[in-house]
Undergrad: 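Below is one structure. I have some questions about it.
Note that the structure is predicted; figures quoted are calculated from it, not measured.
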Amino acid sequence: MTPMATGPVIPDFGTVSPCVRDNGLFCADWFAANWSSVFWPALAQHVRLTVIAVGIGFALAFALALLAHFRRWLVRPLGGLASFLYTIPPLALFTLLVPVTGLSVLTAEIALVAYTLMVLFKSTLAGLAEVPEAVRRAGLGMGLTRREILVRIELPLALPAIVSGLRVATVTTISVVEIAAFIIDQGLGSPIIQGLQSPFNTQFIGAGLLAVALALAADGLIVLAGRLLTPWATMRRSA
Amino acid sequence: MNSAADIVFDEATKTYPGSVRPALDALSLTVPAGEICVLLGSSGCGKTTALTLVNRLTELTGGDIRIDGTSIREQDVIALRRGIGYVIQQAGLFPHLTIAQNIATVPQVLGWPKPRIEDRVRELLELVGLPHGEYGDRYPAQLSGGQQQRVGIARALAADPPIMLMDEPFGALDPVTREHMQDEFLRLHAQVRKTTLFVSHDIDEAVRMGDRIAVLAEGGKLLQYDTPERILHAPADDYVARFVGTDRGLKALTLRRLSDLTLEPYAGGANGTALRADDSLRTALSALLAAGADRLPVTDADGHPVGTVTVDLIREAA
Ligand SMILES: Nc1ncnc2c1ncn2[C@@H]1O[C@H](COP(=O)(O)OP(=O)(O)O)[C@@H](O)[C@H]1O
Ligand SMILES: [Mg+2]
């Protein structure tokens, strides 16, 4: 294992609270005292790793899905490749990459991006194909070009599917980033791994709770953004 | 481009790939500018094929179709379609766009200035009886089936195309709404006078809507192309006669109104059983039979007496 840069703060048993002395499940005072030195940096790193992975993953998957949408014969090979990447266990993928790209953020991001591809590719493709036949026919019949149909009809109608793909990809990535702590000392995985190794509870429980909260918050934000982008999807004969 | 155009089918033929028999077999007919032509026939006899050949959603494999003398083969397919209104059974409204945005689609891609588009949308919503203030900002899912179909028609009219193609536009509606929409469309057509190809498998609808009816049979063969009166009174063969139905004598009565007859002089009559001059002969006959009478008084819309109708008069007119 690599040495941990954000060194674990071994409690000074002389001046601490009873909770810390008895190694309670979760000591709020210790959590607060170590927020700025341990938890906040780990949380910020976690968010950054996730955003980069989902961002690049989405850009790639979106481009590939568009390509497959227009060149249908690509659907199977591209879908198969994305599914294959998804079936490799995260630790195995990290291990495979380390000899090539080292114990680096790059290694972590490559693996993280690989994991997002399948769900984002498939949800985007499915969303584009979801346009009802009558709607597509009406669009063609009124003289919209292929491109206008894509931009005006298919992409907006694919949004709900894309949003649900993004939700799954983001929540999955947030948990895989925790595993990335085995190769890089970043994210909420670091304090969790250290906390598991040391007998002090608050460190890994606090980091674990933060990871859960982060996943919930990210999911909620995406749902909210989706609602704002697709007001028609939630409106059903309400007026 | 605003005036109507005539449509000429010249031996128009479509054989789908992998099929030996044509789906539409050398169809030749002319739809005069401004008229409604109903393509009538049972399922699978090539009505949709004939319709979509015109806007090239289906490509001809033989013969030609000309609009105002110009072959559709010679026109850019996108420009051709933008000059043709297309209405389908399920309306096919874009679910993510508001009613106003749906109607604005073709004017937008044609690059109309915004104020002109807004005026046009307002005008069309008014025309199909859905005031902009109440309906413009709704989404299609918030409308009934009949209302959605009105929007479908308004959207097809948006760029004021000279031609309308309508593929069983009221086929998915309940009978009452369907009849209402048929009347509405006839009223609207009287205003806009688009050359209209209208697909139907319903003889009653065809008789109501069509200036002319083209009866198609299995294999895309044209059996008869005629006015509703001629189709009902003089079916070209047994197939047409069967399709038109054994009650074609009664159906023919729906085409004529009491005001078309030379009535006998008004002579009073049973209270409250007076017919109106704009009632059809079918309604009149039904009323005569129901009243067990052989003559009934007829009034105008305001209740002023105009004459008397008799069973004999109807028999002579039929
Ligand atoms: N895209 C297609 N490919 C192959 N055959 C088709 C296609 N569309 C229609 N057909 C066939 O052509 C015939 C006429 O179909 P259609 O024009 O849809 O009839 P209608 O509208 O009168 O019900 C049918 O036998 C149908 O199966
Ligand atoms: Mg059809």
Undergrad: Show me the pairs that pass ring-ring contact (aromatic ring centres under 6.0 Å, His included) and involve residues 56-82 of chain A, at least two apart or across chains.
TA: A:Phe58-A:Phe62
Undergrad: With chain A, which of B:His96, B:Gln108, B:Gln90, B:Arg81 has the greatest number of heavy-atom pairs at distances under 4.5 Å?
TA: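 Ranked by contacts with chain A, first place is B:His96.
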Undergrad: If you count heavy-atom pairs under 4.5 Å between each of A:Ala134, A:Pro156, A:Gly141, A:Ala138 and chain B, which one has the most?
TA: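 The residue among A:Ala134, A:Pro156, A:Gly141, A:Ala138 with the greatest pair count is A:Gly141.
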Undergrad: Would B:Asp160 and B:Lys194 pass as an ion pair if we require N to O under 4.0 Å?
TA: yes
Undergrad: Where does A:Arg136 contact chain B at under 4.5 Å (heavy atoms): side chain, backbone, both or neither?
TA: neither
Undergrad: By a 4.5 Å heavy-atom criterion (distance strictly below it), what part of B:Leu93 contacts chain A: side chain, backbone, both, or neither?
TA: backbone
Undergrad: Identify which part of B:Thr52 has an atom lying under 4.5 Å from any heavy atom of chain A, answering side chain, backbone, both or neither.
TA: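 Only the side chain of B:Thr52 comes within 4.5 Å of chain A.
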Undergrad: Should B:Leu80 and B:Ile67 be marked as a side chain to side chain contact (heavy atoms under 4.5 Å, CB included) after you check the CA-CA gap, both sets of side-chain angles, and the distance that decides it?
TA: CA-CA 10 Å; B:Leu80 173 80; B:Ile67 296 173; 4.1 Å; yes
Undergrad: Could you tell me which portion of B:Arg56 (side chain, backbone, both or neither) has an atom closer than 4.5 angstrom to a non-hydrogen atom of chain A?
TA: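 No part of B:Arg56 comes within 4.5 Å of chain A.
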Undergrad: Which region of A:Leu159, side chain (C-beta onward) or backbone (N, CA, C, O), has a non-hydrogen atom less than 4.5 Å from a non-hydrogen atom of chain B, or is it both or neither?
TA: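 Neither part, no heavy atoms under 4.5 Å.
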Undergrad: Between the side chains of A:Thr173 and A:Thr170, does any donor sit under 3.5 Å from an acceptor?
TA: no
Undergrad: Which residue out of B:Val109, B:Asn55, B:Val87 racks up the most heavy-atom pairs below 4.5 Å with chain A?
TA: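 Most heavy-atom pairs under 4.5 Å with chain A: B:Val109.
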Undergrad: So, B:Thr98 and B:Asp137: side-chain donor and acceptor under 3.5 Å apart, yes or no?
TA: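 The criterion, which ignores hydrogens and geometry beyond distance, is not satisfied for B:Asp137 and B:Thr98.
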Undergrad: Run the numbers on A:Leu144 and A:Ile153 for side chain to side chain contact (heavy atoms under 4.5 Å, CB included), then give the verdict.
TA: CA-CA 10 Å; A:Leu144 299 186; A:Ile153 303 173; 3.7 Å; yes
Undergrad: Side chain, backbone, both or neither: which part of B:Ile78 has a heavy atom under 4.5 Å from chain A?
TA: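 It is both, since atoms from each part get that close.
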Undergrad: Under a 4.0 Å N-O cut-off, is there an ion pair linking B:Glu168 with B:Arg178?
TA: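 Not counted as a salt bridge, because no side-chain N and carboxylate O are separated by less than 4.0 Å.
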